[in-house]
Amino acid sequence: MHLKAEIAQNPDLADLVNINKKMRLQYGEDGWDFIDEHKNNDALDALETLLKSKEFQHKKKVIQRAGDLYFKNEKSKGVSNKKPQLYFALAIAAALVLFFGILFKDSGLTSTEVYSNNSNWDELPSLVSRGETNAVLLSKGEDAFTNKDYPLAEARFSAYVDTNKEVSITALLYLGVSQLELENYTSALENFQKIIDSNTLDHSKGYWYKALVYFKKGDKENAIKTLEIIATNPEYYKHSKAKEILEALQ
Amino acid sequence: MKDQSTYLKALLNDDTEQILHIYKNCFPNVKRFIVQNNGEQADAEDIFQKALLQLTVRYRKEAFDITSSFEAYLFTVCKNLWRRELNKSKQEVTIDGVVELKNEAREIALSSLEQERWEFFQEKLELISENCKQILDRFFKKMAYKDIAIELEYNDENVVRQRVFKCKSKLTEIIRQDNRFNELKEI
């Protein structure tokens, strides 16, 4: 009681006691320094009003939507990681077959080595906007691709390819590579085939990327067949590289 | 690393794509922290969303700079929000006697001002000597004087006691000298 009375009469002492109390809460690890919301507080009221405004209700929805997208993606990753035990057993068996196959039959490069040595996406042409109608989709797709967000990149390039009448080799390349990174091999092969069938100067790029799909899949036989097509046509994209790999694989 | 204000601006401009990046870059650490501290995934999701709203409203009110990385800053905000959450039940019972249901907007407004006040105190702590910081850090974490003496190689606990007193006085003086303290102490 004595101290309380003294504090009441001495504002300086009251200040010191107050700071000491606050320091314990602010710098300690246990409690939390709550604001007394029953006191008049204009700053608090202003923030509350802003948070209740239409503008902020919209912002809240945008944040929630981004969160939903993120958690949905995470969940699907989680599901794909939880394959049944049988798949694990099959995967191990396949790995062993591949391992011994490589050990006894191959003195050269493995599919994985060829893939990792050649999957250099910096070589993909830049998607600088040239005033196309859906240029935003392209540039946003490229952003997602650069950030290695392949699901988003795939969605954007796929939307671009679907809505454009003219075939864009570059968009198809980015789309196919995004699918390759996502291990969606069938779609990747389909899109690279579209490049081959495109009758453009760049059509031979389709063979090179198809070969990379096969290497990543571990399908060495088809990979070699595809590289042989490149090797027999000197004007084809990555002609020398294909010959080099074929030699190394022998 | 992105410019610290990139993400703050993204929050203000409703940029879903960048906000998605914030989740990707920052949520795993926040979740790990909350789960290790008596929380669950759902708590982590709730805290993370509240933290983003808190940053948005504060930045909308007045643009501010972050001196660390955005990731580190957001993590601290989430840590404080979780600390607040864990202490909330005590607070509600102590002050009101009954648990009072507050709306979410008021909760976020309260936590925003509390975070600003917390940052004010941290900023002041940075202004004292390194030696004082080391001693006070241990003192406020309730480490015994004798243990501080051993850890920081002082002769005995009386020396530590004197150093704590001096350092606390210095810190108090720095806090009181700042005009913002007069505003903060009222709330």
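Computed over heavy atoms, backbone and side chain alike; hydrogens, waters and symmetry mates excluded. Residue numbering restarts at 1 for every chain, and letters A, B, ... go by the order of the sequence lines.
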*Taking it one step at a time, do Phe56(A) and Arg60(B) satisfy side chain to side chain contact (heavy atoms under 4.5 Å, CB included)?*
CA-CA 10 Å; Phe56(A) 260 82; Arg60(B) 167 76 166 72; 3.8 Å; yes
*Would Ile63(A) and Thr56(B) count as a side chain to side chain contact (heavy atoms under 4.5 Å, CB included) if you check the C-alpha gap in whole Å, the side-chain angles of each, and the deciding distance to 0.1 Å?*
CA-CA 10 Å; Ile63(A) 291 172; Thr56(B) 314; 4.0 Å; yes
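Of the atoms belonging to Ser112(B), it is side-chain heavy atoms, and not backbone ones, that fall under 4.5 Å from chain A. For Leu152(A), the part sitting under 4.5 Å from any heavy atom of chain B is the side chain, from C-beta outward, and nothing else. When heavy atoms are compared at a cutoff of 4.5 Å, Asp68(A) does not approach chain B at all. Looking at Asp137(B), there are no atoms closer than 4.5 Å to chain A (heavy atoms on both sides), in backbone or side chain. Ile175(B) touches chain A through its side chain: at least one heavy atom from C-beta onward sits under 4.5 Å away, while N, CA, C and O do not. Residue Leu136(B): no heavy atom, backbone or side chain, is found under 4.5 Å from chain A. Both the backbone and the side chain of Gln122(B) come within contact range of chain A, with heavy atoms under 4.5 Å apart.
At a threshold of 4.5 Å between non-hydrogen side-chain atoms, the residues Ile108(B) and Leu47(A) do not count as touching. Put simply, the side chain of Arg84(B) reaches to within 4.5 Å of the side chain of Phe34(A), judged on heavy atoms. Residues Tyr27(A) and Leu125(B) have side chains in contact (heavy-atom distance under 4.5 Å, counting atoms from C-beta outward). Using a 4.5 Å cut-off on side-chain heavy atoms (C-beta onward), Leu86(B) and Trp32(A) make no contact. You'll find the side chain of Ile19(A) reaches within 4.5 Å of the side chain of Arg176(B), heavy atoms only. Gln26(A) has its side chain within reach of Arg117(B): a pair of non-hydrogen atoms, C-beta onward, lies under 4.5 Å apart.
The pair Asp45(A)-Arg106(B) counts as a salt bridge, with a side-chain nitrogen and a carboxylate oxygen less than 4.0 angstrom apart. A salt bridge does not link Lys61(A) with Asp14(B): every distance from a Lys NZ or Arg NE/NH1/NH2 to an Asp or Glu carboxylate oxygen is 4.0 Å or more. A salt bridge links Lys60(A) with Glu104(B): the closest approach of a Lys/Arg side-chain nitrogen to an acidic carboxylate oxygen falls below 4.0 angstrom.
No more than 12 heavy-atom neighbours from other residues, nucleotides or ligands sit within 6.0 angstrom of NZ on Lys21(A).
Note that CD of Gln18(B) and CG of Asp143(A) are 8.5 Å apart. Values are rounded to the nearest 0.5 Å. Interatomic distance, Glu74(A) CD to Lys24(B) NZ, rounded to the nearest 0.5 Å: 8.5 Å. Interatomic distance, Thr172(B) OG1 to Leu16(A) CG, rounded to the nearest 0.5 Å: 6.5 Å. Distance NZ/Lys59(A) to CG/Leu52(B): 12.5 Å, rounded to 0.5 Å. Considering CH2 of Trp118(B) and NZ of Lys22(A), their distance stands at 15.5 Å, rounded to 0.5 Å.
Counting all heavy atoms, side chain and backbone alike, Arg83(B) lies closest to Gly31(A) at NE-O, 2.8 Å.
Considering only heavy-atom pairs separated by less than 4.5 Å from chain A, the leading option among Thr16(B), Ile19(B), Val57(B) is Val57(B). In terms of heavy-atom pairs under 4.5 Å with chain A, the best-connected choice from Asp15(B), Ile22(B), Leu171(B) is Leu171(B). Most heavy-atom pairs under 4.5 Å with chain B: of the set Met23(A), Arg24(A), Arg65(A), Lys52(A), this distinction falls to Met23(A).
Listed in order of number, the residues of residues 141-170 of chain B that approach chain A to under 4.5 Å between heavy atoms are Lys141(B), Lys142(B), Lys168(B). Residues from residues 30-49 of chain B that place a non-hydrogen atom less than 4.5 Å from a non-hydrogen atom of chain A comprise Gln41(B), Glu45(B), Gln49(B), given in numerical order.
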